[in-house]
Amino acid sequence: QVQLVESGGGLVQAGGSLRLSCAASGRTTSSYSMGWFRQAPGKEREFVAAISRSGSVAYYAESVQGRFTISRDIANNTVYLQMNTLKPEDTAVYYCAAHAAVLYHGISSNSRDYGYWGQGTQVTVSS
């Protein structure tokens, strides 16, 4: 079991940056591949980025490729999402998630593969 708590959201102007953090407690996050998802009002939850257990492999949604960077600090049990050149369409609640299969070697963009979720943090980008 792992518990996840996101932080770092807020209000930022278009073109600005934010860094989201996802702090884990319980079982160490190095046992799980991790992902970030987001959900805008009236829309389905969508994949943003994922990172492997070791942190050596990352995968991004096309809409954030080149602007967002996912990383993990295994020693501190924390996963980050650095978001640069933010756009109004990035406005959403951002969720951190841990893969449902402990010790899974791959990464996934499918939300149904994730078994543990944080409560979310709001990101609002003004134009």
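Between Phe47 and Phe37, the gap from one ring centroid to the other is short of 6.0 Å. Between Tyr32 and Tyr114, the ring centre distance reaches or exceeds 6.0 Å.
A continuous path of ILVMFWY side-chain contacts below 4.5 Å connects Val102 to Tyr116, so both sit in one hydrophobic cluster. Hydrophobic cluster membership is shared by Val12 and Phe68, with clusters built from Ile, Leu, Val, Met, Phe, Trp and Tyr side chains linked at under 4.5 angstrom. Val57 and Leu103 fall into different hydrophobic clusters, defined by Ile, Leu, Val, Met, Phe, Trp and Tyr side-chain heavy atoms under 4.5 Å apart, directly or through other members.
The number of heavy atoms from other shown groups lying within 6.0 Å of OH (Tyr104) is above 12.
Distance alone, capped at 3.5 Å, is enough to place a donor-acceptor pair between the Asp90 side chain and the Lys87 backbone.
Nearest heavy atom pair, residue Ser54 against residue Ile74, reads O-CD1, 4.1 Å. Contact record, Tyr59 with Ser109: CE2-CB, 4.0 Å, taken as the closest heavy-atom pair. Scanning all heavy atoms of the two residues, the minimum distance from Ser33 to Arg53 falls at N-CG, 3.4 Å. Contact between Ala40 and Ala92 at its shortest, heavy atoms only, is N-CB, 3.8 Å. Of all the heavy atoms in Ser127 and Ala14, the pair that sits closest is CA-CB, 4.4 Å. Gly120 approaches Val93 most closely through the heavy-atom pair CA-CG1, 3.8 Å.
Side-chain contact check for Ile51 versus Ile107: every heavy-atom pair is 4.5 Å or farther apart. Side-chain contact check for Tyr60 versus Thr69: some heavy-atom pair is nearer than 4.5 Å. For the pair Val123 and Thr91, the minimum side-chain heavy-atom distance is 4.5 Å or more. Between Arg67 and Met83 the shortest side-chain heavy-atom distance does not fall below 4.5 Å. Side-chain contact between Ser52 and His105 is absent, with no heavy atoms from C-beta onward closer than 4.5 Å.
Distance CZ/Arg72 to SG/Cys22: 9.5 Å, rounded to 0.5 Å. How far OH of Tyr94 is from CG of Leu20: 7.5 Å, rounded to the nearest 0.5 Å. Going from atom CD of Gln13 over to atom OG1 of Thr124 covers 13.0 Å, rounded to the nearest 0.5 Å. The OG atom of Ser111 lies 7.0 Å from the CZ atom of Arg45; values are rounded to the nearest 0.5 Å. Between atom CE of residue Met34 and atom OG1 of residue Thr78 there is a gap of 9.5 Å, rounded to the nearest 0.5 Å.
A side-chain N or O of Ser17 and one of Asn84 form a donor-acceptor pair less than 3.5 Å apart.
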### Query
Can Ser21 and Glu6 be said to form a side-chain contact (heavy atoms from CB on, under 4.5 Å), step by step?
CA-CA 6 Å; Ser21 299; Glu6 302 96 334; over 6 Å; no
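Looking at Gln119, Gln39, Arg38 one by one, the single match for side chain to side chain contact (heavy atoms under 4.5 Å, CB included) with Tyr95 turns out to be Gln39.
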